[in-house]
Amino acid sequence: MQKEYAIVIIIVIATVITPASDVFTLSLVVLPVWILHEVSIMIVNKTYYSMKENR
């Protein structure tokens with residue numbers, strides 16, 4: 001549920017900061033930020049569970 005909110009927030013922020021209003025420019029901003037968001041979630045989950053196993 002929270003991932004949907006994050007995607008909407010990323011799209012809204014990208015819409016505000018992009019100078020043009022076409023879909024291509026918007027996707028150039030949204031996709032890298034979205035991928036970075038997903039990768040950071042995977043890194044945090046991996047780190048959390050590895051630390052949990054070491055206890």
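Computed from a predicted model, the values in this text were never measured in an experiment.
The other members of the hydrophobic cluster of Y48, by chain and number, are Y49 (side-chain heavy atoms under 4.5 Å, ILVMFWY only). Grouping Ile, Leu, Val, Met, Phe, Trp and Tyr residues whose side-chain heavy atoms lie under 4.5 Å apart, directly or via other members, leaves M51 alone, with no other cluster members. In the hydrophobic clustering, F24 connects to L28, either directly or through intervening members, whenever side-chain heavy atoms lie under 4.5 Å apart.
The two residues L26 and I11 come nearest to each other via the heavy atoms CD1-O, 4.3 Å.
Within a 6.0 Å sphere centred on CD of Q2, other residues, nucleotides and ligands contribute 12 heavy atoms or fewer.
Counting only residues at least two apart or on different chains, no salt bridge (charged side-chain N to carboxylate O under 4.0 Å, His left out) pair has a member in residues 23-34. Under the salt bridge (charged side-chain N to carboxylate O under 4.0 Å, His left out) criterion, no residue pair touches residues 6-23, with sequence neighbours excluded.
For the side chain to side chain contact (heavy atoms under 4.5 Å, CB included) test, no residue two or more places apart in sequence or in another chain qualifies with S50.
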Return all side-chain donor-acceptor pairs below 3.5 angstrom for residues 29-38, not counting sequence neighbours, or 'none' if the list is empty.
residue	atom	partner	partner atom	Å
W34	NE1	E38	OE2	3.4
E38	OE1	K3	NZ	3.3

